[in-house]
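The chains referred to below are lettered A, B, ... by the order of the sequence lines, with proteins before strands, and numbering in each begins at 1.
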2 protein chains.
Amino acid sequence: MKSDLPPTIYDIARAAKVGIGTVSRVFNNHPSVSNDTRSRVLKVASRYNYQPHPMARGLARRRTNAILVYLPYFTSFFFVEILQSVQSVLGDAGFDLILHGVKHPGNAAESMQKPTTRGRVDGILFFSMKMPEEVLKEYERLSIPLVFVDTHHPAVDSYFVENVRGSRIVTEHLIEKGHVDIGMLNAVRDSSPARERLKGFRDALKEHDLPVNPEWIIHAPPGPLDGFTKESGYHAMKQLLALPKRPTAVVVSSDIQAIGALEAVREGNPKQKIAITGFDDIDLARYFELTTMRQPMSEMGALAANRLLERMQHPGLPPIQRSFVPELIVRKTSAVKAVEHVS
Amino acid sequence: MKSDLPPTIYDIARAAKVGIGTVSRVFNNHPSVSNDTRSRVLKVASRYNYQPHPMARGLARRRTNAILVYLPYFTSFFFVEILQSVQSVLGDAGFDLILHGVKHPGNAAESMQKPTTRGRVDGILFFSMKMPEEVLKEYERLSIPLVFVDTHHPAVDSYFVENVRGSRIVTEHLIEKGHVDIGMLNAVRDSSPARERLKGFRDALKEHDLPVNPEWIIHAPPGPLDGFTKESGYHAMKQLLALPKRPTAVVVSSDIQAIGALEAVREGNPKQKIAITGFDDIDLARYFELTTMRQPMSEMGALAANRLLERMQHPGLPPIQRSFVPELIVRKTSAVKAVEHVS
DNA sequence: CGATTTCATGGAAGGGCTTCCAAAAATACG
DNA sequence: CGTATTTTTGGAAGCCCTTCCATGAAATCG
């Protein structure tokens, strides 16, 4: 009396008076099933409310129809947008999305060794973190398709933003506005976007023969989200404002930090104007009239998801590296005049 | 020469000179394995880098260690926060989180019949949508543990916010501030939070013997996210401002709409002050100094996730209904003085 | 019309695990 | 030391599919 357990392929086969192979073929759209049989099977199946058991399928087919999305603790606005487009692409292709938020991007390695990895997913979308070489090796060994987003590695399909270039562009924007004394509020020093954005900043100053004042380059202390937080921006700006001599403009390494910085400025002496730029162009940026560098997040997400699907079909494709140059979005926070300082 | 395929339990058993049953027991912490054997197996397993195949496990055990999270298109700030706490609870318990974003909450029913549902997950966390009765029946039949968040049903564990009450509280706040002419900008008319919040609004006015002006109650047109969007708030407010006679205060059914409404006001005649309140207390609200009703999102998420785990262990628990009264957060947007209007 | 070829079908063999039962080994008991 | 218990162990059966091979039926051909 296994009466109310979900029906299996055997139940359907029996009820439709066909073999299990035929039922299976029907459900896999295999061409060699006569129309008669096919429709009979389908009718029976729908009467029994039959659905193939995904686990059994996964086991037999050696695939799971699920892909893992690995990203830093996903509270950040940046990821919500990407997730959305990723889900849309994967969902349409019939894949489930398994989410793994990593609390501290630092220990990505550790959390990646969890059993989830093996055999549970057909592919991995890996975001914004540095993947330890040994983990990468492991995935290669298991030949699990892998795509990087917002991070890169020569051996892996990578979709990322040209941070150095973006940062240089925004810095140059400030320079063009006449600023000479420019500072930078950065994320945690050893995070790779932080390093790259710092480089772009330096490059721009150098190219324009402007001095780099080390006092004006403030890195976030080690902390959550690698310092890409409001709080980090707020404190950094407070620190900057406390200096005897301050810059007239500040390049901030992310919008969210820039917003924190704006708050710090607002709290301070209102006379003390200071130009501020962000990076990311998150939704919020518009409200704060924040000049920033727009990253094509949804586009990157969708492209990466598609690439993953492609790679799952054709492993052995050579890895591609696709970079995006972020776009300068000018708003009011950079419209502060440089103090007449030049002499 | 199946040399570089992942090792199976048989490989480990052979290498450790034990039976497969023993290996299995080791990996399931079954007590009746001698310490010697256990450690020998573990050593071999780690040498081979063995990990049990989750699909095979799922098939044999009839469970998957994954839970499905069903929510309206997850771009909304509200959900990010909940997701975060849910993931943390489930992750700690060793469960994977499979995400399904529903684009149009209206057709939840349709998308829920996708094959994913069956056998792929051990439980479902269902957010903020109305679950069609027949779908609910189906889940009951399959006895899939189910927990509702931000929505409720007597037969299902539900964690939700008391919208009616919250809406009344915020409306009363405006009344206490001296407002008499109060309007409401609501989400799509037939969404349940919209209905409830409208009721709370009406109740408050009625109780204080204030008139309800139907012209001042504006519902969002059918659209994405049930009208819980900036755009919807913006347009509704424009519409309201265009009226010959306007209210001095407006209760808005969500923060995100309220922010849109604020934008509309800002664009309009700057002299025309109007008090505005939101609902949710999303992160943004603070920046806009928005008076609003705070919902304990993380708490709800965590409780719901825990409940789901509990229910998976003990099916047959009676459903519990837990409601949360949102908390009034007073900020500046409600500090606009009521125009001296009383006569 | 008999001989090929093509099409549709049934079902065994696997996929990798858990679980149960029976058997072996270790331990306790008198 | 023999017997009764208890602890460990091995491995068949089963979880529910897909896939491949073999077979029978239908269609095609000369």
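In this structure, A:Arg307 pairs ionically with A:Glu310, as a charged nitrogen and a carboxylate oxygen lie closer than 4.0 Å. A salt bridge is defined here as a Lys NZ or Arg NE, NH1 or NH2 lying under 4.0 Å from an Asp or Glu carboxylate O, and A:Glu138 with A:Arg141 meets this definition.
At a cut-off of 3.5 Å, with distance as the only test, no side-chain donor of A:Asp226 or A:Ser191 sits close to an acceptor on the other residue. For the residue pair A:Ser88 and A:Ser85, no side-chain donor N or O sits within less than 3.5 Å of a side-chain acceptor on the partner. A side-chain N or O of A:Asn28 and one of A:Arg61 form a donor-acceptor pair less than 3.5 Å apart.
For an aromatic pair to be called close, the ring centres must be under 6.0 Å apart, and B:Phe127 with B:Phe148 fails this.
Atoms CZ (B:Arg40) and P (D:dT8) sit 14 Å apart, rounded to a whole Å. Taking atom CG of B:Asn65 as the reference point, atom P of C:dC17 lies 15 Å away to the nearest angstrom. Note: CZ (B:Arg14) to C1' (C:dG16) measures 13 Å, nearest angstrom. We find that CE of B:Met55 is positioned 14 Å from P of C:dT18, with the value rounded to whole Å. Separating the CD1 atom of A:Ile9 from the C1' atom of C:dG11 is a distance of 11 Å, rounded to the nearest angstrom. The distance between atom CG of A:Leu59 and atom P of C:dT18, rounded to the nearest whole Å, is 12 Å. Look at CZ on B:Arg61: it is 17 Å from C1' on C:dG15, rounded to the nearest Å. Between the CZ atom of B:Arg57 and the C1' atom of D:dC16 there is a distance of 18 Å, given to the nearest Å.
For the pair A:Arg322 and A:Phe324, the distance from NZ or CZ to the six-membered ring centre is under 6.0 Å and the angle to the ring normal is within 45 degrees.
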N/O contacts under 3.5 Å, protein versus nucleotides 22-28 of chain C?
none

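Between B:Tyr50 and C:dC17 there is a side-chain polar atom (N or O) within less than 4.0 angstrom of OP1 or OP2.
Distance from the side chain of A:Tyr10 is smallest for D:dC17 among the nucleotides C:dG16, D:dC15, D:dC17.
For the contact set between residues 16-35 of chain A and DNA chain C, defined by any heavy atom under 4.0 Å, the members are A:Lys17, A:Val18, A:Gly19, A:Ile20, A:Gly21, A:Thr22, A:Arg25, A:Ser32, A:Val33, A:Ser34.
Across all their heavy atoms, A:Phe160 and A:Met300 have their closest contact at CA-CE, 4.1 Å.
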For A:Ile98 and A:Val121, what are the C-alpha separation, side-chain angles and deciding distance, and is it a side-chain contact (heavy atoms from CB on, under 4.5 Å)? CA-CA 8 Å; A:Ile98 298 186; A:Val121 297; 4.1 Å; yes
